[in-house]
Number of protein chains: 2
Amino acid sequence: MTVSHSKWKSMKEELEALLVILVLARFGAVNRYIRISTRKIANVLGFSQQSSSRIMRKIAERGYISRKVTPKGEEVKITEKGLSIILKYYEELGRVLKTVSPETIVIRGIVTTGLGEGRYYLMLNGYIKQFREKLGFKPYPGTLNLKLKNLEDVVKKARLLKTPGIIIEGFSNGIRTYGRVKAFKARINDLTDDVAVVLPERTSHGFDILEIIAPFNIRERLGLKDGDEVTVTVYLQ
Amino acid sequence: MTVSHSKWKSMKEELEALLVILVLARFGAVNRYIRISTRKIANVLGFSQQSSSRIMRKIAERGYISRKVTPKGEEVKITEKGLSIILKYYEELGRVLKTVSPETIVIRGIVTTGLGEGRYYLMLNGYIKQFREKLGFKPYPGTLNLKLKNLEDVVKKARLLKTPGIIIEGFSNGIRTYGRVKAFKARINDLTDDVAVVLPERTSHGFDILEIIAPFNIRERLGLKDGDEVTVTVYLQ
DNA sequence: ATTACTATAGCTCGAGTAG
DNA sequence: TCTACTCGAGCTATAGTAA
């Protein structure tokens, strides 16, 4: 549902219809016919009765409203098509607003020593190239493993599994295949913004482990040791 | 020029700005400057480079965007004011959508063969028990997949996602978890009343597929084959 | 009261073109 | 290339008025 492939004239006409529909909606023409005159609409929107008449005819012809004209006035109702353009723009605007104020999830975990698997995977070129492109950095070879001790935090991790995120595609090196990895940009202890949570699709970790990568050695940079508690703020978009 | 005329004019100009802002937002001009030419914008929106130039100047003058013009192109960023009109219309449209509570939505779609996933899920006891309780029937193992070919119908499906509906809770069988499913009672081709539209929260389908379940084999009962168009009347309450 | 047709004033758009 | 100016063709809005 994009605006981009429509043409300017039809888009402007659609918006003209949208303005009129918004006024009609305010008068209650959503699920029933309302009695209203072209002059009334003209006064509310600020144009002439003649223009109002012309616009109402055009909008009705395009199927946005349904109208019954009588010498006493007209009865108007917004059609499904009329409502659908409201929804169309509502969603388009919502999409833009989402990018403005990204939602975050805050997860708490305990620094743990992993099996060194992360170090192995992160050195594979098939992943490194994509991390560079999609996350904007070449990861330090080694993940920071956090153990999620509270059920609450495990549930939050589960939410990440359902969120689209940044997809790092799987690949094959001729010998074996490596699965997709989902990533989210993140922040640790509100100090550094350049890290990312990685969720491999095929993982050997339990549900209670969160893996984090960064362009540097996180333990060194933040002076972390096993058992320390850290707060990870995950950017969902 | 009368006062009232300028009201309509300013509203139209505001919406004109909104369209351009939406395009700029799609190019990422939300929190940073992007490099884009008037011709590019003109091509996307379907008008001339000259009009594009004129509109960009007007919008910048009105404070919706901030731009730096160079002989090589221009750098553009949506301003706070630009974002505020997005929010303004988002709220206005949302207000109208809230008042919309039709009892039914009619969606048209083309019968398509799915991946057989539906068949698998519907046979899980965790779901079957709830379908019986909440929809009043034990579903025939297999969903009818409809491809929504018109934008209008896709928009209607999107409306279902926002409507409460009948919630079929997710569950776990010890091995893996199965997500929540939203359902709506429905009617196909005005013939049968006993079907339901199902919207899994975690779905592998695109936005343009509608899944329908029933206590019987819908294809057999209604004599449907791939490519047939059907009308689904969805009961929202 | 209404809606809506006709004629015209005024505005918008884009081809040509400069910087 | 880029942005943006000029100006005429065409489109849009409204005054006057009919039904």
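Here is the naming used below: chain letters follow the sequence lines, and residue numbers restart at 1 for every chain.
- Within the structure, ring pair (Phe, Tyr, Trp, His ring centres under 6.0 Å) pairs that include any residue of residues 79-98 of chain B comprise A:Tyr90-B:Tyr90 (at least two apart or interchain).
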Pull out every protein N or O sitting under 3.5 Å from an N or O of nucleotides 17-19 of chain D, one pair per line with the distance.
none

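- Shown here are the ring pair (Phe, Tyr, Trp, His ring centres under 6.0 Å) partners of A:Tyr140, two or more places apart in sequence or in another chain: there are none.
- Within residues 57-65 of chain B, the residues having any heavy atom closer than 4.0 Å to DNA chain D are, in order of number, B:Arg57.
- Considering only residues two or more places apart in sequence or on other chains, B:Arg35 meets the salt bridge (charged side-chain N to carboxylate O under 4.0 Å, His left out) condition with B:Glu75.
- Listed by first and then second residue, the ring pair (Phe, Tyr, Trp, His ring centres under 6.0 Å) pairs that reach into residues 163-187 of chain A are A:Tyr127-A:Phe171, A:Phe171-A:Tyr178, sequence neighbours excluded.
- Contact between the side-chain N/O atoms of B:Ser51 and the OP1/OP2 oxygens of C:dG14 is found at a separation under 4.0 Å.
- Using a 4.0 Å cut-off, some side-chain N or O of A:Arg54 falls inside it from OP1 or OP2 of D:dA13.
- Take the nearest nucleotide of DNA chain C for B:Glu16 and for A:Ser53: the residue whose nucleotide is more 5' is A:Ser53.
- The side chain of B:Lys68 contributes no N or O atom lying less than 4.0 Å from OP1 or OP2 of D:dC2.
- A search for side-chain hydrogen bond (donor to acceptor under 3.5 Å, both in side chains) contacts involving B:Arg67 returns B:Glu74, not counting sequence neighbours.
- Geometrically, A:Lys81 engages A:Tyr64 in a cation-pi contact, judged by NZ or CZ lying under 6.0 Å from the ring centre and within 45° of the ring axis.
- Classification of A:Lys58 and A:Glu61 as a salt-bridged pair fails, no side-chain N sitting under 4.0 Å from a carboxylate O.
- Annotation: side-chain contact (heavy atoms from CB on, under 4.5 Å) contacts of A:Ser53 (sequence neighbours excluded): A:Thr38, A:Gln49, A:Arg57.
- In this structure B:Arg221 satisfies the side-chain hydrogen bond (donor to acceptor under 3.5 Å, both in side chains) test with no other residue, sequence neighbours excluded.
- Annotation: side-chain hydrogen bond (donor to acceptor under 3.5 Å, both in side chains) contacts of B:Glu13 (sequence neighbours excluded): B:Arg62.
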Q: For DNA chain D, just give me the dot-bracket, please: Watson-Crick or G-U, both distances below 3.5 Å, ( ) intra-strand, [ ] crossing earlier pairs, | paired with another strand, . unpaired.
A: .||||||||||||||||||
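- For residues 27-47 of chain B, the set of pairs meeting the ring pair (Phe, Tyr, Trp, His ring centres under 6.0 Å) definition, not counting sequence neighbours, comprises A:Trp8-B:Phe47.
- The shortest distance between the side-chain N/O atoms of B:Ser48 and the OP1/OP2 oxygens of C:dC13 is not below 4.0 Å.
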